[in-house]
2 protein chains.
Amino acid sequence: MDGPVTWQSVRAEALRRIHTREWPPGGQIPNEADLAAEFGCARATVNRALRDLATSGYLERRRKGGTRVPLTPVRKATFEIAIIRQDVEGRGQHYDYRLLADRLAPPPLAVRDALRLPGATPLRMVRALHLADDAPFCLEERWINPTFAGPEVRFDTISANEWLVRNLAFSGGGFAFYATPADASLAEVLMCDRGAALFAIDRTTFSDAEPITAVTLTYAPGYRMVTRI
Amino acid sequence: MDGPVTWQSVRAEALRRIHTREWPPGGQIPNEADLAAEFGCARATVNRALRDLATSGYLERRRKGGTRVPLTPVRKATFEIAIIRQDVEGRGQHYDYRLLADRLAPPPLAVRDALRLPGATPLRMVRALHLADDAPFCLEERWINPTFAGPEVRFDTISANEWLVRNLAFSGGGFAFYATPADASLAEVLMCDRGAALFAIDRTTFSDAEPITAVTLTYAPGYRMVTRI
DNA sequence: TCGAAAAATAAGTATAGACATAATGCGGCA
DNA sequence: TGCCGCATTATGTCTATACTTATTTTTCGA
């Protein structure tokens, strides 16, 4: 591999040094200019490689402070959040959707807090069931800031999930993944036993500092969320 | 904001056009050279901005094919996979660790498949409990390729989780998140009711094409895995 | 001795120019 | 008609240089 020095090759070599402890955990590595000289490439190439390693958690960089190998590595995994219809169709199953409820209501405290909303602003509450091959797949329970989706936006044919992803600008938010037992209502809607272990996701989304929506997605038993790195 | 054109400002403007549908879903956007001319900056600056948007799922780029806005956006979330000790300590709790079993055994079929192992190679099976403030936090059930961690590596004081992350080079693998009911054995170890809904992660890791380890982490009830974007 | 100002340092970023690479599509040949 | 290969094109990347910014270290004065 003697040809042109690519940023990938620099990254590979840096990774090798990290793994062989030639660059030990907690230690500082040479600066970009020195590495560029050593590898016989431009500093920008080294920069790109080290920046990439930093976003993956293999290195920590600070201006003037230099670049160091973290003592306790924190690997970063990326995974894709598709809309539910795509998730179902990607499994080769037939997707269907059923709107169960859609009304204005005062949100529970937990939702108010998560969205950092003042007072008792009523929010739009949407409850809908996503189906795969006519079996319950996922229950969507969502609170929407009516500023972003007024009553003229109907969720009877397109899910709120899909409408929001397609129509709004997201700039931040949080996720939580957890397991929850099926209560009577969940068991009925998802057609499973009471107490069944269900995979669930809480998500909040903001546009700048404006709260858009908080949602709980509860999946039917057996659902696995997968990703590769 | 009239000063120098930064790649962040180009990204912000591009994102605005995507959200306002000035660049509609499914449509192709102008090429880098044209945008650079329009914004009065170098093509590299535009490249950096669009590349960043592509990794976040807002754009799709193909050589020669140009750059287009995806019809069905797939948002990408990154989250951090810390070692369990860090996870516990990050919550301000006292971490403890107990090794329950460590022996060579033939792996179950599911593990053999996940690691793409031929024949009936015996693997090292490690079962350990992670504790937070002396309460069960997470059960680790792991199968390790003995090539990477022979018997001289002891897991009685440091967890396999931590040893592997610190000592081995990872180059790929997969994750699956799901909910599972506590069976008798899980209920006993995690000190919860039988049938309780537990959050679990299956993970496989490889070094190039070499299988390293497959692990199931099953968390005590109430665990939430959180991240922000 | 303490603290504030100045210098030094390393990463972050912008630029212009060049070449590489992967698709695409078109034209020509069988 | 059908297929191969070449020209075209947009992104991908490297280089060399310059300037910016955050942060640490040094220096110098009170």
Side-chain angles (χ1 to χ4, degrees), chain A residues 1-15 17-18 22-71 74 76 78, chain B residues 1-15 17-18 22-71 74 76 78:
Chain A
M1 228 291 267
D2 235 313
V5 178
T6 64
W7 69 269
Q8 289 97 332
S9 70
V10 172
R11 182 185 55 185
E13 172 60 15
L15 209 45
R17 294 184 185 185
I18 293 168
E22 197 169 319
W23 291 345
Q28 203 151 43
I29 76 172
N31 70 40
E32 292 187 349
D34 291 351
L35 287 173
E38 183 195 334
F39 295 137
C41 68
R43 187 168 76 87
T45 308
V46 174
N47 180 280
R48 172 100 193 251
L50 299 189
R51 193 154 36 78
D52 188 81
L53 286 173
T55 63
S56 307
Y58 288 102
L59 289 175
E60 282 171 359
R61 326 195 72 200
R62 288 215 331 266
R63 280 188 183 174
K64 157 77 185 174
T67 303
R68 52 181 57 248
V69 183
L71 267 171
V74 173
K76 282 164 185 146
T78 309
Chain B
M1 224 303 261
D2 235 315
V5 177
T6 64
W7 69 269
Q8 289 98 331
S9 69
V10 173
R11 182 184 57 185
E13 171 61 13
L15 209 46
R17 294 186 185 185
I18 294 168
E22 198 167 321
W23 290 345
Q28 203 151 40
I29 76 171
N31 69 41
E32 292 186 349
D34 290 351
L35 287 173
E38 184 194 334
F39 295 136
C41 66
R43 187 168 75 88
T45 307
V46 174
N47 181 280
R48 173 101 191 250
L50 299 189
R51 192 154 35 78
D52 187 81
L53 286 172
T55 64
S56 307
Y58 289 102
L59 290 174
E60 279 171 3
R61 326 194 72 199
R62 288 216 325 270
R63 278 187 184 173
K64 159 75 182 171
T67 303
R68 52 179 60 246
V69 183
L71 266 171
V74 174
K76 281 161 186 150
T78 307

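Residue numbers start from 1 in every chain, and the chains themselves are labelled A, B, ... in the order their sequence lines are given, proteins ahead of strands.
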Going by heavy atoms closer than 4.0 Å, what residues in residues 43-50 of chain B are next to DNA chain D? B:Arg43, B:Asn47
pair A:Val69-A:Pro24: side-chain heavy atoms closer than 4.5 Å: no
Please compare B:Lys64 and A:Gly65 by the position of their nearest nucleotide in DNA chain D and report the one closer to 5'. B:Lys64
Starting from the 5' end of DNA chain D, give me the residue, A:Arg62 or A:Gly40, whose nearest nucleotide shows up first. A:Gly40
Nearest nucleotide by nearest heavy atom, which residue falls closer to the 5' end of DNA chain C, B:Trp7 or A:Gly66? A:Gly66
Once you round it to whole Å, what is the distance between C1' of D:dT13 and CZ of A:Arg11? 14 Å
Spacing of A:Glu32 atom CD relative to D:dA16 atom C1', expressed in whole Å: 15 Å
Closest to the A:Gln8 side chain, choosing from D:dA22, D:dT13, D:dT15: D:dT13
Non-hydrogen atoms of B:Val46 and B:Cys41 that approach each other most closely: CG2-SG, 3.7 Å
B:Leu50 and B:Ala14: which non-hydrogen atoms are nearest, and at how many Å? CD2-CB, 4.3 Å
Tell me the interatomic distance from A:Arg68, atom CZ, to D:dT23, atom P, rounded to whole angstroms. 15 Å
Take atom CG of B:Leu59 and atom C1' of D:dT11, then tell me their distance rounded to the nearest Å. 13 Å
What is the separation between atom CD on A:Glu60 and atom P on D:dA22, rounded to the nearest whole Å? 19 Å
Testing the basics here: between B:Leu35 and B:Pro30, what is the closest heavy-atom pair and its distance to 0.1 Å? CD1-O, 3.6 Å
List the atom of A:Pro70, the atom of A:Gly57, and the distance in Å for their closest heavy-atom pair. CG-O, 3.8 Å
Side chains of A:Thr67 and A:Leu53, heavy atoms from C-beta outward: is any pair under 4.5 Å? no
Give me the first and last nucleotide of DNA chain C, going 5' to 3', that has any atom under 4.0 Å from a heavy atom of chain B. C:dT13 to C:dT24
How about B:Arg62: does its CZ atom have over 12 heavy atoms from other parts shown lying under 6.0 Å from it? no
For the residue pair A:Phe39 and A:Val10, what are the closest heavy atoms and their distance? CE1-CG1, 3.8 Å
Between A:Asn47 and A:Arg43, is there a side-chain donor-acceptor contact under 3.5 Å, judged purely by atom types and distance? no
